[in-house]
Amino acid sequence: MKIQSKLPEVGVTIFTVMSRLADDYHAINLSQGFPDFDVSPELIALVEKYMRCGYNQYAPMQGVPELREAIAQKTFELYHTRYNPQTEITVTSGATEALYSAITAVVQKGDEVIIFEPAYDAYVPVIQLNGGIPVYIELKFPDYKIDWDEVQNAISKKTKLIIFNSPHNPTGAVLSSEDIAALKSIIGHTDAMILSDEVYEHITFDGFRHESMSRYPELAERSFVVSSFGKTYHTTGWKIGYCLAPSSLAKEFQKVHQFLTFTSNTPVEYAYAEFMQNKDAYLNLSLFYQKRRDKFLSMINNSRFKALPCRGTYFQLLDYSNISDESDIEFSKRLTIEHGVASIPISVFYNRKDDHKVLRFCFAKQDQTLERAAEKLCKI
Ligand code: PMP
Ligand code: GLN
């Protein structure tokens, strides 16, 4: 049987490709973003508790009330905006599902969606599945800042959605208060909505504060704000995320969500709700990762790689132009196969495959893993 592909240009994701290559060649895997730290035993005990207590059937469609309450409370404390847990918060199966549901809820055939490149790979295919048209704006290399004049010029009557991701995967850039001011001055005159992917909200460095769209009423009123517990609690495999949105947007979001997954993992949702009462676990995360970033940077300081600024996320970009002229895809493969360190080439996150000779390394790894990787990188 042959079917006409709805996504003819989509192949296997780079994260799968590079993780597989790392496995095949027993390389240190700094490619796909996932922590190798143990999950808190307390959190695991909570999941077990809720499983044993019989919380094993479907959660309510919006997520268990205790978790929605805890998310509302955290959002209020950090960003000073109250979302109604009954109508404005939806728990999803990872941020990936939330991104899919938000895009699908609003994008119709022919609608334009502005995205910034390099862009995380989960946006464009969903825009296309809905008949939308991605409009690409490049973040300015090497510090990956937004040129707001370009945004102003790219907005048209057809612009339905603008997708932001801060802290930004793959570059580690973060939106500043100046960016927010520029966005406010532009978007007020449009009907565009915002999808804000904030899965790394608790990982910002050097005093940079996370600029959540939920902080700003005039932006929050048109935003889907998406986050994920996987990044915060070293539990990327548990796949629980959520979306904050004003009720008119959340209503349409939930129409998609209820037929995509309907609900997510009940005992894990209860466990997170209880675990979130310990605020230190997320409030200390920035410092935890800043130390790892600095450790990684100090260890590769004598290598021929050149580090780009990293203000958030658990990814560090390294420029290898002093080492090789190969394309970033070729070089990252050779680095994995011949030198035993897997990374992610950045060109794959561009529509036109721009190659700035930069690779992404995940530093959410134990000291020993980073030390072994750095030793190899310093020999190149
Ligand atoms: N957005 C970004 C920017 C990500 O990096 C990731 C995962 N690494 C996701 C969304 C997806 O999150 P989840 O695993 O919770 O689906
Ligand atoms: N988001 C993770 C990363 O950036 C990977 C998730 C995935 O494998 N799709 O590495």
Side-chain angles (χ1 to χ4, degrees), residues 10-23 29-36 39 63 67 71 90-103 115-127 139 144 163-175 194-204 210 212-213 224-244 257 260-261 264-265 268-269 272 282 285 289 310-317 332 336 342-349 358-365:
V10 170
V12 178
T13 80
I14 190 68
F15 307 116
T16 306
V17 170
M18 293 310 294
S19 278
R20 211 181 274 158
L21 200 66
D23 273 357
N29 190 0
L30 305 190
S31 66
Q32 191 177 26
F34 61 87
D36 72 351
V39 174
L67 183 55
I71 293 168
T90 317
V91 178
T92 56
S93 298
T96 309
E97 193 221 314
L99 296 168
Y100 188 98
S101 298
I103 295 169
I115 64 165
F116 297 94
E117 291 190 308
Y120 183 60
D121 66 349
Y123 312 139
V124 170
V126 188
I127 297 167
L139 298 170
Y144 298 101
I163 302 183
F164 291 94
N165 170 214
S166 178
H168 185 259
N169 180 6
T171 68
V174 299
L175 288 176
I194 293 170
L195 171 55
S196 186
D197 180 346
E198 303 184 8
V199 301
Y200 301 100
E201 65 179 316
H202 300 302
I203 314 180
T204 59
H210 172 56
S212 176
M213 294 295 164
F224 297 90
V225 176
V226 168
S227 194
S228 169
F229 292 101
K231 319 292 169 186
T232 305
Y233 296 126
H234 315 322
T235 49
T236 60
W238 293 9
K239 294 297 290 185
I240 302 285
Y242 60 89
C243 177
L244 313 171
H257 159 75
L260 186 55
T261 55
S264 303
N265 188 309
V268 171
E269 287 186 33
Y272 279 144
Y282 55 83
L285 201 63
Y289 275 120
C310 164
R311 306 209 155 108
T313 75
Y314 44 52
F315 302 116
Q316 175 65 54
L317 294 189
S332 65
T336 310
S343 59
I344 296 286
I346 299 306
S347 64
V348 301
F349 301 112
V358 176
L359 303 178
R360 188 196 83 176
F361 295 79
C362 175
F363 56 80
K365 306 291 171 193

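Start at 1 and go down the list; that is how both ligands and their atoms are numbered.
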Task: Heavy-atom pair with the smallest gap, counting every atom of Asn265 and Ile240 - done: N-CD1, 3.8 Å
Open item on the list: Ring-plane angle category for Tyr289 and His234, please: parallel below 30°, perpendicular beyond 60°, tilted otherwise.
Closed with: perpendicular
TODO: Pick one of side chain, backbone, both or neither for how Asn169 approaches ligand 2, counting any non-hydrogen atom pair under 4.0 Å.
DONE: side chain
TODO: Check whether any side-chain N or O of Glu97 sits under 3.5 Å from a backbone N or O of Gly241 as a donor-acceptor pair, and report yes or no.
DONE: no
- [ ] Let me know which protein residues bring a heavy atom to under 4.0 Å of ligand 1; chain then number is fine for ordering.
- [x] Gly94, Ala95, Thr96, Leu99, Tyr120, Asn165, Asn169, Asp197, Val199, Tyr200, Ser228, Lys231, Lys239
Task: ligand 2 contact on Phe315 by region, counting heavy-atom pairs under 4.0 Å - done: side chain
Task: Flag, side chain of Thr261 to backbone of Ser264, donor-acceptor distance under 3.5 Å - done: no
TODO: Indicate, as side chain, backbone, both or neither, the part of Arg360 found under 4.0 angstrom from ligand 2 when only non-hydrogen atoms are considered.
DONE: side chain
Open item on the list: Ring-plane angle category for Tyr120 and Tyr123, please: parallel below 30°, perpendicular beyond 60°, tilted otherwise.
Closed with: perpendicular
Task: For atom 7 (C) of ligand 2, the protein heavy atom that lies nearest, with its residue and separation - done: Phe15 CD1, 3.6 Å
- [ ] Please answer whether the main-chain N or O of Lys239 pairs with a side-chain N or O of Ser93 as donor and acceptor at a distance below 3.5 Å.
- [x] no
Open item on the list: I'd like to know if the side chain of Asn165 and the backbone of Asp197 have a donor-acceptor N/O pair within less than 3.5 Å.
Closed with: yes
Task: Per-atom contacts of ligand 2 with Gln32, taking only distances under 4.0 Å to non-hydrogen atoms - done: 5 (C), 7 (C), 8 (O), 10 (O)
- [ ] Show which atoms of ligand 2 fall inside a sub-4.0 Å distance from at least one heavy-atom site of Tyr120.
- [x] 1 (N), 4 (O), 6 (C), 9 (N)
- [ ] Please confirm whether Gly33 comes within less than 3.5 Å of ligand 2 when only nitrogen or oxygen atoms on both sides are compared.
- [x] yes
- [ ] Determine whether Val91 and Tyr272 make a side-chain contact, defined as any pair of heavy atoms from C-beta on separated by less than 4.5 Å.
- [x] no
Open item on the list: Checking Ser332 against Ser343: is there a side-chain donor and acceptor pair closer than 3.5 Å?
Closed with: no
